[in-house]
Amino acid sequence: MHADVDGSFALCLTHDVDRPYKTYQALYDALRERSLRPLRAFAPRTNPFWQFDDITALESDLGVRSAFYLLNEPSLFRQPWRAWTEPTHWLEHLGRYDVTADDIRALVDRLEAGGWEVGLHGSYHSPGDPGRLGREKRVLESMTDRPVVGGRQHHLRLGADSWHHHRAIGLRYDASLGSSSSYGFRWGYRPRRPFDDDFVVFPLTAMEVALPDPGERFVDAWEACRDLLVEAARNDAVMTVLWHPRYFNEREFPGYRRLYRRLVEHALELGAWVGPPRALYERLDYDRGTDPITSDPTAVDGFERGVESSERPTSH
Ligand SMILES: [Zn+2]
């Protein structure tokens, strides 16, 4: 059935860690339901958005690894007063977490020890601010054993110079080029080298929320994933997917965990290399002399430089 699949395509697995705890929603739910039950979400270890143990167990079971990109959104309380008047700041603040908190540090240790990639999820206002992005990278690296080599901007926000900034602060790849409302290989089948050097851009093929809702239309969602995998296999493509950790909570986001498992299982059945972008980057780099990516003449021109994401700032 898949005779044209030769095993030379790849599936990169990534998770943007936006909100590891369900907090303000729990308070809201409690007020709405006039019940204290949702407040149990505040209790350590039972937080419904803390899905990391389940995700790593699931991926271990499948024999794969992925990348977790950690966000270091500055506290609104340390912003200039002007920031308080901007709704986007409030929205970001409500979900923010302290990336240096003990449980996140422990998580980073566990991920690194287990072979997962820990990367940078650049904060909302960092795409045009290399100083801020550099600080966020250094804070993260104060917690990691290995240098942070890549990541993705929060809300997929890319400014005209973001990749220059990424390269200048020592990142080797970016995975922000994509959409939260559509999926597919719009940006091509291969990673891009915007500067024709060893800085690589991994386009995002599918974010979970762009797919049909697997809680309501599982077959449609699965067929969309299967079609992407088959297209990737036929074109020796690098396919990159993003599943936010909280979407692994089957009660809150039914269908997404099952869809993810099936996606990875089928990629392996088709002979894909499956793993985090850093590991693939190292392979690309190693193979550079013969890597078709380096000779891709469309690597720069196809991209509308300077796109600021027009996505709503309320999610992801
Ligand atoms: Zn994000």
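Computed from a predicted structure; not experimentally measured. The first residue in the sequence is number 1, and the count goes up from there. In listed order, ligands and their atoms are each counted from 1.
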Item to complete: Decide whether a cation-pi geometry holds between Arg157 and Tyr124; the criteria are a distance under 6.0 Å from NZ or CZ to the six-membered ring centre and an angle within 45° of the ring axis.
Response: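 Yes, Arg157 and Tyr124 form such a contact.
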Discussion item. Going by the rule salt bridge (Lys or Arg N to Asp or Glu O under 4.0 Å), which residues pair with Arg65 if we only count those two or more places apart in sequence or in a different chain?
Written reply: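 Salt bridge (Lys or Arg N to Asp or Glu O under 4.0 Å) check on Arg65 returns nothing, list empty.
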Discussion item. Tell me which N, O or S atom from Asp18 is the closest to the Zn ion (ligand 1).
Written reply: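 Going by distance to the Zn ion (ligand 1), the closest N, O or S atom in Asp18 is OD1.
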Discussion item. What is the name of the N/O/S atom of His154 that is nearest to the Zn ion (ligand 1)?
Written reply: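 Looking only at N, O and S atoms of His154, the one nearest the Zn ion (ligand 1) is named ND1.
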Worksheet item: Does Asp16 bring an N, O or S atom to under 2.8 Å of the Zn ion (ligand 1)?
Response: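 Checking the Zn ion (ligand 1) against Asp16, no N, O or S atom falls under 2.8 Å.
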Worksheet item: Does any N, O or S atom of His121, backbone or side chain, fall under 2.8 Å from the Zn ion (ligand 1)?
Response: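 Coordinating: yes.
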Side-chain donor/acceptor pairs under 3.5 Å, residues 99-106, sequence neighbours excluded:
unit_1: Thr100; atom_1: OG1; unit_2: Asp98; atom_2: OD1; d: 2.7
unit_1: Thr100; atom_1: OG1; unit_2: Asp98; atom_2: OD2; d: 3.4
unit_1: Asp103; atom_1: OD1; unit_2: Tyr21; atom_2: OH; d: 2.9
unit_1: Asp103; atom_1: OD2; unit_2: Tyr21; atom_2: OH; d: 2.9
unit_1: Arg105; atom_1: NE; unit_2: Thr100; atom_2: O; d: 3.0

Item to complete: Flag the pair Glu282 and Arg146 as a salt bridge only when some basic side-chain nitrogen lies within less than 4.0 angstrom of an acidic carboxylate oxygen.
Response: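 Yes, Glu282 and Arg146 are salt-bridged.
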